[in-house]
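Scroll down for the structure; my scribbles are underneath it.
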Amino acid sequence: MAVTVRIPTPLRKFTDDNETVSAEGGTVQEAIVSLQSQYPALKERLCDDSGNLRKFVNVFLNDEDIRFQDGPATAVKDGDELSIIPAIAGG
Amino acid sequence: MNPLRSVTPQPLNDEERATYEWQIWVDDHREEGQERLKGASVLISRVGGLGSPVAYELAAAGVGRLVLAHGGNVKHSDLNRQLLMTHDWLGKPRVESAARRLKELNPRLDIVTVPHNVGDDNAAELVSMVDVVVDAAPLFDERFAMNREAVRQGKPMVEAAMYDLEAHLTTIVPGVSPCLACLYPEDPEHWRRQFPVFGAVSGTIGCIAAMEVIKLISGFGEPLTGRLLNIDLRRMDFKVLRTMRNPDCPVCKGV
């Protein structure tokens, strides 16, 4: 499955300034791993040492928070869109 | 949507009726909504890049009382975005500059200036003074302190943040929507107080945040309750994402 991942501005320095990236996988977790394999520097920003998504990073699958679906195991299909929303506090 | 129950509407005089005529024409606001704005009070922390346009729009809209919390003195590096700070006030307290600008626009406005940032030591008192809170602080400890108090006191909080050309906005209604700790259970270790931004970005999101406050007080429209507006002005990409309460949230569980 190919999904489009929207990269938030604070993380674009790790994706060669790409604003969206195509990732492969059947679940959100697999798509995140695919994204991190393309841009390894993202890994530390998105996941902890155990590979779990950091708690200040929200991931939305087609506008819905994956925490309240099946989390990283949430299934994705071709054409889905993942939005990565890290906490920001600029005021 | 129901207007805020904590607000006691205040009757308008002729000058106010004339001043707010164009927004009184808004069908689901009308004079009744304007009377609610006049009777309402709003805490804005801080009145920097985001808080300045929020305060300016709320002053223009006729909100009766603003409590402005912001420490420090005006610096050159404030002036690209903190639109209530002026060159002639460099080196002097920011809240004084903000109050002067707001009074020029609306001399009827009641302003409480607090020359300190919000923290655990003063959040309870400041939140208790108002009907609505606007969170426009640049540090997560300030944001989390206000979130805890807003939830504890049952006050709605408009939560706005930005970075570069990107911005987030959501409206927290305790017991109804996720709170800030539901969205971000941990303090992001990478966040720094200084960040890239244009004043036009803070102006954009600040004006939308002010509209959220007006809707909450007057009681019309659909605030971003349980929804997160994600704006990327570089791509002109606007998305509304659905958020949900964390049933185990240490701050708002059981509210």
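Residue numbers begin at 1 in each chain, while the letters A, B, ... track the order of the sequences.
Residues of residues 43-60 of chain B having a heavy atom under 4.5 Å from any heavy atom of chain A, listed by number: G49(B), L50(B).
Only the backbone of V240(B) comes within contact range of chain A, judged by heavy atoms closer than 4.5 Å. Using a 4.5 Å cut-off between heavy atoms, E189(B) touches chain A through backbone and side chain atoms alike. Only the backbone of D187(B) comes within contact range of chain A, with heavy atoms under 4.5 Å apart. If you measure heavy-atom distances from R193(B) to chain A, you find no contacts under 4.5 Å at all. For chain A, the nearby part of P247(B) is the side chain; its heavy atoms alone come within less than 4.5 Å. Proximity to chain A (any heavy atom under 4.5 Å) is shown, for Y163(B), by both the backbone and the side chain.
Side-chain N or O atoms of R67(A) include one that pairs as donor or acceptor with a backbone N or O of L183(B) at under 3.5 Å. In this structure a side-chain-to-backbone donor-acceptor pair under 3.5 Å is missing from E186(B) to F56(A). With D65(A) contributing its side chain and M244(B) its backbone, the two residues share no donor-acceptor pair below 3.5 Å.
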Step-by-step side-chain contact (heavy atoms from CB on, under 4.5 Å) determination, Y184(B) to N58(A): CA-CA 8 Å; Y184(B) 307 118; N58(A) 288 315; 3.4 Å; yes
Using the rule given for side-chain contact (heavy atoms from CB on, under 4.5 Å), can you reason through D237(B) versus E19(A), listing the C-alpha separation, both sets of side-chain angles and the distance that settles it, and then say yes or no? CA-CA 11 Å; D237(B) 183 14; E19(A) 296 156 349; over 6 Å; no
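In plain terms, the two heavy atoms of A161(B) and A89(A) that are nearest each other are CB-CA, 3.9 Å. The shortest non-hydrogen separation linking L241(B) to D63(A) is CD2-CA, 3.5 Å. Contact detail for K55(A) and P185(B): the closest heavy-atom pair is O-CD, 3.1 Å. The shortest heavy-atom contact between E166(B) and I88(A) is O-CD1, 4.3 Å.
Applying the 6.0 Å contact sphere to NZ of K43(A) captures no more than 12 heavy atoms from other residues, nucleotides or ligands. Summarising the local packing, CZ of F198(B) is surrounded by 12 or fewer heavy atoms from other residues, nucleotides or ligands at distances under 6.0 Å.
Proximity of R12(A) to D164(B): side-chain heavy atoms (C-beta onward) are nowhere separated by under 4.5 Å.
Here the CZ atom belonging to F68(A) is positioned 5.5 Å from the CG atom belonging to N246(B), to the nearest 0.5 angstrom.
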